[in-house]
Amino acid sequence: METDSILIRHARIVDPSRKLDRVGDLLLGSGEITAAGRLGPDRIPEGCRVIDGAGLVASPGFIDLHCHLREPGFEYKETIAAGSKAAAKGGFTTICAMPNTDPPVDNAAVVEFIQKRARQDSLVRILPIGCVSKGRKGHELAEMEELASAGVVAFSDDGDPVYDANLMRLALIYSSDLGLPIINHCQELSLSCNGVMAEGPVATHLGLDGIPAAAEETMIARDIALAEATGGRLHVAHLSTAGSVPLVRDAKARGLSVTAEVCPHHLTSTDQWVLGRKGEPTTAAGGLAYDTSTKVYPPLRAQRDVEALVQALADGVIDCVATDHAPHDVTSKQVTYQDAAFGISVLETALGSLLQLVHAKKLSMGAMVDRLTTGPARVLGESYSDLASLQPGTAADIVLFDPEREWTVDTSEFESKGRNTPLEGTTLKGRVVATFAGGSLIYQSPELKFEEPHVNA
Ligand code: DOR
């Protein structure tokens, strides 16, 4: 008998929404999870396709609150189609697209364009984020209500901060009325100035302008004060400094509606990497390489920052991991460090990077999955909780990954158009084997093993 059912057998099921971490089976059919647990043969439909999940982790599909898909306007850097394939390969089934496109997402027509393109071209669910300000210029609020009605899930001028404090205050007032978060890229421009990397000994050694930690921390402190004054919903984008952690922790302790995210690169690499891959000078002459693939905003920082961020992620002070996937074309990066574009292509390496923390026992497997699923879903709001669950009856958005599988990052194999990553040539441990969205297999690696279809005795 023909059936669209798939059985994933003997996988380690990690479902933080139900505090579940045990070996079992998942049955998918008609786009949903139909059963979970230890399933006897009588529960399995005749002809069901069977995947051997032994040694693999099955979790809800990952949710990314922060990525740049560049469409419309910068299709030479990324498209919705390519970005969605990269997401599927990275285990993401829901991704939120930042509005620094051209035109920017500051009116309903652009939201509708993205939604239409997503329906036509995307393998994964794409949730658009709208601008805080008209044209992302930072002077006047965008039509936030119109954007909310069109379906944006948050507001942000990311790539730039909402610099004007009164504009941020007004945006936060609207955010509480609309029930949607303001995601701020916290950068005090009068402190970051012309900086291109973290302030510190490496910047001094290289003679590059540094960005002090206070450029991030002063704006987070301002935004927390404004969230408190307005009752607004603040989500702090890409935390990068040790000093940002207590600001968020205290705001939460005071019961404010403040959440935060951190990126894989800020958890696993430091400003030493600017010297060349993983801190080793790599030019043929043995000189300094100034690896522009490490140029990102906020910048890679010192080891003590990395340690504080990892601890805060493990503790839950930081709610979630977001990729800040920022694909760029080659010519934007093959220039001097000063002139290179900020950004790293992350969707396809995020899991491998984060698993380094799990293997090093700095983060439990359950916490890692939580910060990629229930954590971001909570930031989006109650109505998104089903996206982060393997509960029977929810959509079959699932990632199956092998935490032990070693692989070497080869950007020529990327689905993303952005090949800009300092991880090129690095061996990571842990890789996606299959991704399902609404029950459809949207990505499979060569390691995925199907067994003979199920036959009832
Ligand atoms: O590195 C970054 N790249 N940080 C940002 O905030 C923006 C992003 C981009 O759009 O390229």
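Both counts, for ligands and for their atoms, begin at 1 and track the order of listing.
- At the shortest separation from atom 4 (N) of ligand 1 among protein heavy atoms lies Tyr297 O, 2.9 Å.
- For the pair Leu400/Val432, no side-chain contact is recorded, criterion being any heavy-atom separation below 4.5 Å from C-beta on.
- Taking every heavy atom of Val296 and a limit of under 4.0 angstrom, the matching atoms of ligand 1 come to 1 (O).
- Contact between Lys295 and ligand 1 is absent, with no heavy atom of the residue lying under 4.0 Å from the ligand.
- For ligand 1, the atoms sitting less than 4.0 Å from at least one non-hydrogen atom of Gly159 are 6 (O), 7 (C), numbered in the order shown with element in parentheses.
- For Asp223 and Asn184, the side-chain atoms include at least one donor-acceptor pair closer than 3.5 Å.
- For ligand 1, none of its N or O atoms has an N or O atom of Ile344 under 3.5 Å away.
- Of all atoms in ligand 1, numbered sequentially from 1 with element shown, those under 4.0 Å from a heavy atom of Asp324 are 4 (N).
- The option from His66, Met98, Arg70 that lies nearest to atom 9 (C) of ligand 1, judged by heavy atoms, is Arg70.
- Remark: ligand 1 atoms within the under-4.0 Å shell around heavy atoms of His238 are 6 (O).
- Residue, atom and distance of the protein heavy atom nearest to atom 3 (N) of ligand 1 are Phe342 O, 3.1 Å.
- Side chain to side chain, His325 and Asp64 fail the donor-acceptor criterion of an N or O pair below 3.5 Å.
- Between Thr270 and Gln272, the side chains place no donor N or O within less than 3.5 Å of an acceptor N or O (distance only, hydrogens not considered).
- One finds no salt bridge joining Asp106 and Lys137 here, because no Lys/Arg side-chain nitrogen approaches an Asp/Glu carboxylate oxygen to under 4.0 Å.
- Taking every non-hydrogen atom of Ala326 and a distance limit under 4.0 Å, the qualifying atoms of ligand 1 come out as 3 (N), 8 (C), 9 (C), 11 (O).
- The aromatic ring centroids of His68 and Phe74 lie 6.0 Å or more from each other.
- Relative orientation of the His238 and His66 rings is tilted, given thresholds of 30° and 60° on the angle between their planes.
- Look at Asp402 and Arg431 and you find no salt bridge, because none of the NZ, NE, NH1 or NH2 atoms lies under 4.0 Å from a carboxylate O.
- Interface of His328 with ligand 1, defined as ligand atoms under 4.0 Å from a residue heavy atom, comprises 11 (O).
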